[in-house]
2 protein chains.
Amino acid sequence: MLSDPFSHLPTTACRTIDMQKGDVLFRQNQTTSGLYRVVFGSVTLQRSGLGGDTLTLHRAVSGGLFAEASVFSATYHCDAICTEAGSVIKIEKADVVATMQSNLAFSEGFTRLLAVQVQQYRAHIELLAIPSAKERILAAVHAGYFDATVTELATRINLSHEACYRALRGLCDDGRMIRVGRGKYTLS
Amino acid sequence: MLSDPFSHLPTTACRTIDMQKGDVLFRQNQTTSGLYRVVFGSVTLQRSGLGGDTLTLHRAVSGGLFAEASVFSATYHCDAICTEAGSVIKIEKADVVATMQSNLAFSEGFTRLLAVQVQQYRAHIELLAIPSAKERILAAVHAGYFDATVTELATRINLSHEACYRALRGLCDDGRMIRVGRGKYTLS
DNA sequence: GATCTTTTATGATCTGGATCACATGCTTTC
DNA sequence: GAAAGCATGTGATCCAGATCATAAAAGATC
């Protein structure tokens, strides 16, 4: 049921790539060559607006996939940048396309992956519609978004980092969260 | 390439349903039974928060699909409500699953559909990150979101309808948009 | 270990959008 | 055609979060 669909790919389809913090795996508008799985470390998918402001679309950690939709797109739609050193497995687009056409189990597994993504994005859009900063943060923490820095969380949920720190403190004052250390908070 | 993957389904998989404005096609948390295509009229997918506020996740018009991801989910994640009378074709989940396992062309077409959705949602999240109401509306108009009422647009892009009207007027004052009638605006 | 960068954190100020209030016109319905 | 309901506006007020400024601590770099 939840077995890894990528086990159906030929071994030549995958290539391990080591990465250092700040490394760019691909950039917006580049021709797509494949999708990726994080082995360890972390990668953020981001787009830079016309100003210098960056928007985090997704953050992939160990075991996570990213750029799945690139298989059906000519160019990447965002930048992929390493935020914690580690390694990723690159899966060649051509192999994915070929295997999809020859292997039903792979095809179904890959489709399921995309369906899950669709639901995650819908949930994210719903989260972004929460007007209050405190409630939005609480929802984000419940959804497991707060797995890195406060600053990173802030960019993901459309808040300034100042507002994010303040709201976190407010939640602690309310007794709804607990500060367990510098930059570390948990649900109470 | 862009041919309709659903042409591969058995004829018994589809059923036409007429709908009146306000009709509920399904509700959040109901067991999923299939996905839908709009023949004519329109349907909005929305979630109601704990308060009375509703959030529009998607709006499907003629030719549009909705609830695709339901094929991989046990329950619907939002309400589907008719906003303009018309008809929809309901496609049975069981038939989709069966056809996916027996027909590669269908499977690939369906997967591509989901991939497109993923990219659309990503673009939407990016749009929601635009801080200024005027710029956000402009981006939404460019993306073709403004196909119904101003009120509907407002809920889709996380603005109050008042702010939306005011920003539209501001854009007209700037000469970046033109008011062509009551509730009708176009890019200049 | 000195320097640089990033994250954490808080305070002060300002503003854009939410909210409240209200009027009008267009549809729909009975 | 009267009444109800909804979309379209606009004006007044208020406040939450953006922005600017500053500082300390941690981590990276040399």
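Labels below follow one simple rule: chain letters A, B, ... track the order of the sequence lines, proteins then strands, and each chain is numbered from 1.
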Please report the distance, rounded to the nearest Å, between [atom1] in [X] and [atom2] in [N].
| X | N | atom1 | atom2 | result |
| --- | --- | --- | --- | --- |
| B:His161 | C:dA21 | NE2 | C1' | 11 Å |
| B:Gln20 | C:dT28 | CD | P | 12 Å |
| A:Glu84 | D:dA28 | CD | P | 11 Å |
| B:Glu152 | D:dT8 | CD | C1' | 15 Å |
| A:Lys184 | C:dT8 | NZ | P | 8 Å |
| A:Leu153 | C:dT7 | CG | P | 13 Å |

Separation of A:Gln119 CD from B:Cys78 SG (nearest 0.5 Å): 9.5 Å

Check: C:dT27 base within 3.5 Å donor-acceptor of B:Arg182 side chain: no

Quiz item: A:Arg166 side-chain donor-acceptor pair to D:dT19 base, under 3.5 Å: yes

Hey, is [X] close enough to [Y] for a salt bridge, meaning N to O under 4.0 Å?
| X | Y | value |
| --- | --- | --- |
| A:Arg169 | A:Asp174 | no |
| A:Arg176 | A:Glu135 | yes |
| B:Arg122 | B:Glu126 | no |

Contact under 4.0 Å: B:Tyr165 side-chain N or O vs C:dA18 OP1/OP2: no

side-chain N/O A:Ser132 vs D:dA16 OP1/OP2, d < 4.0 Å: no

Among D:dG11, C:dT10, D:dA18, the nucleotide that comes nearest once only the side chain of A:Glu162 is considered: C:dT10

Touch class at under 4.0 angstrom, heavy-atom based, for A:Thr149 against every strand present: sugar-phosphate

Sugar-phosphate, base or nothing in reach of B:Arg169, heavy atoms under 4.0 Å: sugar-phosphate

